[in-house]
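Predicted model, so just to flag it, every value in this text is computed and none were measured.
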Amino acid sequence: MNFDFSDRVGRVEPSATLAISNLASELEAQGEDVVDLSVGAPDFPTPENIVQEAKDALDAGHTSYTSSNGIPELKEAIAAKLRGNGVDAEADEIIVTPGGKQALYETIQTLIGDGDEVVLLDPAWVSYEAMVKLAGGSLKRLSLAEHDFKLEPALDELAETVSDETKLLVVNTPSNPTGGVFSDAALEGVRDLAVEHDFAVISDEIYERITYDGFEHTSLGSLDGMSDRTITINGFSKAFSMTGWRLGYLHAPSDFIGQAGKLHSHSVSCAVNFVQHAGVEALSERTDDTVEEMRQAFEARRDMLVDLLAEHDVDVAVPKGAFYMMLPVDDDDQAWCEGAIQDAKVATVPGSAFNAPGYARISYAASEERLREAVERLAEHDYI
């Protein structure tokens with residue numbers, strides 16, 4: 001039979017980051033040695049205490065369904081963590097999800113309908129656009145490229161972009177793909193515009209534990225006037241190296257939770273039981289030292305990569321968080337990335353996937369040895 005597909009799925013393309021990763025895997029299957037700098041996954045093992053807690057939870061029989069929004073112990077731990085960030089959070093304002101991406105998807109599906117206006121700050125993670133399109137929303141975009149990916153100097157432009165028609169703004173700090181960390185002044189500017197025009201804000205904080213140079217994360221929901229209009233999205237994949245565990249969460253006012261909970265219950269039912277117990281352990285102080293060791297390793301890699309690129313006269317906006325860097329390349333960044341993986345066997349992601357043409361995103365969630373190898377190969381084949 002010929003399926004008659006919905007208009008909804010025709011609005012989006014497959015994830016560009018996963019497409020590059022799949023190509024890298026195909027080349028590796030053919031025996032090629034590919035330096036894969038395309039995927040946003042820490043290259044460290046999950047901390048042992050988290051793994052052990054999961055094993056203990058399995059042994060204890062935690063393999064059934066849980067309450068849809070999450071086990072009480074994890075929701076309490078998340079609420080306590082958010083309160084530590086200055087967010088007024090209670091356990092019944094939390095939905096635990098199978099990954100932070102699911103939390104984002106449920107949030108956008110709950111808020112956005114046909115024609116609703118959503119504003120993105122470019123470069124923006126690839127799935128924001130897809131999720132808005134799947135919900136039927138309309139997009140307005142503000143590029144931060146001319147400001148070295150900083151938001152504060154672009155606040156006047158943001159004020160011209162948003163309006164009373166805006167229903168939602170998505171803020172991601174630290175940022176994927178730029179590694180940028182927005183200043184408190186920038187977040188206060190967002191707050192002022194959100195209050196003035198009465199729109200909601202998604203605060204995607206998945207990289208909050210990975211910041212450098214003394215930068216400290218500020219939760220948007222902690223600012224005066226933002227507690228009732230911020231949906232805070234976070235998860236365990238990045239800081240705790242738990243990408244395959246699929247565990248995330250959203251926090252929002254209780255009326256939002258009531259509506260989003262309906263979507264959650266009719267789609268994923270609940271996050272995995274024993275993984276939720278591992279999440280409680282991840283948020284404990286017993287994991288802090290390991291998380292700090294990973295953060296320091298990422299910072300050292302960032303410094304090394306910036307220096308290596310400078311040796312080839314490549315100037316980059318130095319990331320202040322996450323583990324990504326935007327590399328300026330040819331105007332046709334898609335062709336540059338395809339050539340880099342075919343010729344130099346180095347996988348990166350085209351900046352156009354993030355609405356930032358002329359760049360390639362590098363993930364430095366790889367060993368220093370492999371990062372050096374990547375730069376050497378790119379230089380050898382005249383890509384830098």
Side-chain angles (χ1 to χ4, degrees), residues 40-42 44 46-47 50 74-75 77-89 93-97 99-104 107 121 124-125 127-128 149-152 169-188 190-191 201-223 226-227 230-243 245 247-252 279-280 282-285 287-299 302 319-324 363-365:
F44 299 100
T46 304
I50 299 174
L74 182 54
K75 292 192 296 179
I78 292 169
K81 175 242 177 289
L82 288 169
R83 289 194 293 270
N85 287 7
V87 177
D88 184 14
E93 299 169 339
I94 305 291
I95 296 178
V96 178
T97 58
K101 184 180 283 189
Q102 178 68 20
L104 282 163
T107 295
L121 303 174
W125 180 53
S127 292
Y128 296 146
F149 312 121
K150 296 181 176 68
L151 176 57
E152 187 175 344
L169 169 68
V170 181
V171 175
N172 173 215
T173 179
S175 165
N176 175 9
T178 70
V181 176
F182 298 153
S183 66
D184 285 357
L187 297 181
E188 289 164 2
V190 167
R191 182 268 315 278
V201 181
I202 286 177
S203 184
D204 182 350
E205 304 182 6
I206 191 71
Y207 296 97
E208 69 156 312
R209 298 283 293 267
I210 308 173
T211 58
Y212 315 125
D213 304 329
F215 276 75
E216 294 188 5
H217 174 76
T218 297
S219 285
L220 192 56
S222 69
L223 301 184
M226 290 303 291
S227 62
T230 303
I231 302 94
T232 302
I233 307 290
N234 212 323
F236 295 76
S237 292
K238 312 303 182 177
F240 304 107
S241 196
M242 295 175 66
T243 53
W245 296 67
L247 189 64
Y249 60 88
L250 66 90
H251 167 263
V280 177
L283 291 176
S284 74
E285 293 181 354
T287 315
D288 288 348
D289 287 347
T290 308
V291 170
E292 176 59 15
E293 289 173 7
M294 290 189 284
R295 189 205 65 79
Q296 290 179 11
F298 287 133
E299 186 168 18
R302 178 208 63 170
K320 301 299 183 181
F323 36 73
Y324 307 107
S363 167
Y364 48 92

*Asks:* How long is the span from the CG atom in Leu169 to the CG atom in Leu121, to the nearest 0.5 Å?
*Replies:* 5.5 Å

*Asks:* Looking at every non-hydrogen atom in both residues, tell me the closest pair between Gly179 and Ala322 and how far apart they are.
*Replies:* CA-CB, 4.3 Å

*Asks:* Using a 4.5 Å cut-off on heavy atoms from C-beta on, say whether the side chain of Asn85 contacts that of Glu208.
*Replies:* yes

*Asks:* Is there a side-chain contact between Asn176 and Ile206 in this structure, where contact means two heavy atoms from C-beta onward sitting under 4.5 Å apart?
*Replies:*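 Contact flag for Asn176/Ile206 side chains = no.
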
*Asks:* Before giving the answer on side chain to side chain contact (heavy atoms under 4.5 Å, CB included), spell out for Leu151 and Val190 the whole-Å C-alpha distance, their side-chain angles and the decisive distance to 0.1 Å.
*Replies:* CA-CA 9 Å; Leu151 176 57; Val190 167; 3.8 Å; yes

*Asks:* Check whether any side-chain N or O of Thr107 sits under 3.5 Å from a backbone N or O of Ala103 as a donor-acceptor pair, and report yes or no.
*Replies:* yes

*Asks:* Nearest 0.5 Å, what's the CZ-CZ distance between Arg295 and Phe323?
*Replies:*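 It is 14.0 Å, given to the nearest 0.5 Å.
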
*Asks:* Distance-only, no hydrogens or angles: does the Asp289 side chain make a donor-acceptor pair with backbone N or O of Val291 under 3.5 Å?
*Replies:*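 It does not hold such a pair.
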
*Asks:* Check whether any side-chain heavy atom of Phe298 sits under 4.5 Å from a side-chain heavy atom of Lys238, and report yes or no.
*Replies:* no

*Asks:* About how many Å separate CD of Glu205 and OG1 of Thr218, when rounded to the nearest 0.5 Å?
*Replies:*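 Reported value, rounded in 0.5 Å steps: 9.0 Å.
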
*Asks:* Over all heavy atoms of both residues, which pair between Val87 and Gly221 is shortest? Give the atoms and the distance, please.
*Replies:*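 Smallest interatomic distance, heavy atoms only, reads CG2-C, 4.1 Å.
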
*Asks:* Going by atom types only, do Ser227 and Asp88 share a side-chain donor-acceptor pair under 3.5 Å?
*Replies:*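 No - no donor-acceptor pair under 3.5 Å links their side chains.
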
*Asks:* Between CD1 of Ile95 and OH of Tyr249, what distance do you get to the nearest 0.5 Å?
*Replies:*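 Reported to 0.5 Å precision, the distance equals 13.5 Å.
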
*Asks:* Between atom CG of Asp204 and atom CD1 of Ile231, what is the distance when rounded to the nearest 0.5 Å?
*Replies:* 12.0 Å

*Asks:* Can you say whether the rings of Tyr364 and Tyr212 are parallel (under 30°), tilted (30 to 60°) or perpendicular (over 60°)?
*Replies:* tilted

*Asks:* Give a yes or no answer on whether the side chain of Thr243 reaches the backbone of Ser237 with a donor-acceptor pair at less than 3.5 Å.
*Replies:*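 No; zero donor-acceptor contacts below 3.5 Å.
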
*Asks:* Phe236 and Ile50: side chain to side chain contact (heavy atoms under 4.5 Å, CB included), yes or no, with the steps?
*Replies:* CA-CA 11 Å; Phe236 295 76; Ile50 299 174; over 6 Å; no

*Asks:* Any side-chain heavy atom of Tyr128 sitting closer than 4.5 Å to one from Ile202?
*Replies:* no

*Asks:* List the steps and the verdict of side chain to side chain contact (heavy atoms under 4.5 Å, CB included) for Trp245 and Phe240.
*Replies:* CA-CA 10 Å; Trp245 296 67; Phe240 304 107; over 6 Å; no

*Asks:* Would the distance check show the side chain of Ser219 and the main-chain N or O of Ser222 forming a donor-acceptor pair, the cut-off being under 3.5 Å?
*Replies:*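 Answer holds: no.
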
*Asks:* If we only count heavy atoms from C-beta on, is the Thr232 to Leu220 side-chain gap below 4.5 Å?
*Replies:* no

*Asks:* Checking Thr173 side chain against Phe182 main chain: does a donor-acceptor pair fall under 3.5 Å?
*Replies:*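 Yes, the answer is positive, given that a donor and an acceptor are paired below the 3.5 Å cut-off.
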
*Asks:* Restricting to non-hydrogen atoms, name the atom on Pro47 and the atom on Thr290 that form the minimum distance, rounded to 0.1 Å.
*Replies:* CG-CG2, 3.7 Å

*Asks:* Heavy-atom distance under 4.5 Å between the side chains of Pro319 and Phe149, does that happen here?
*Replies:*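 The answer is no; the side chains never approach within 4.5 Å.
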
*Asks:* Quick one: NE2 on His251 to OG1 on Thr230, what's the gap to the nearest 0.5 Å?
*Replies:* 9.5 Å

*Asks:* What are the two closest heavy atoms between Arg83 and Ala89, and how far apart are they?
*Replies:*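 Between these two residues, the closest heavy atoms are NH1-O, 2.7 Å.
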
*Asks:* Please tell me if the side chains of Leu187 and Arg191 come closer than 4.5 Å, counting only heavy atoms from C-beta onward.
*Replies:*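 Sidechains of Arg191 and Leu187: no contact.
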
*Asks:* Looking only at heavy atoms, which two atoms of Thr46 and Ser241 are closest? And how far apart?
*Replies:* OG1-O, 2.7 Å

*Asks:* Looking at Thr211, Asp213, Thr178, which hits side chain to side chain donor-acceptor pair (under 3.5 Å) with Lys320?
*Replies:*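 Considering Thr211, Asp213, Thr178, a side chain to side chain donor-acceptor pair (under 3.5 Å) with Lys320 is found only for Asp213.
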
*Asks:* Is there a side-chain contact between Leu223 and Asp184 in this structure, where contact means two heavy atoms from C-beta onward sitting under 4.5 Å apart?
*Replies:*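 Answer no - side chains too far apart.
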
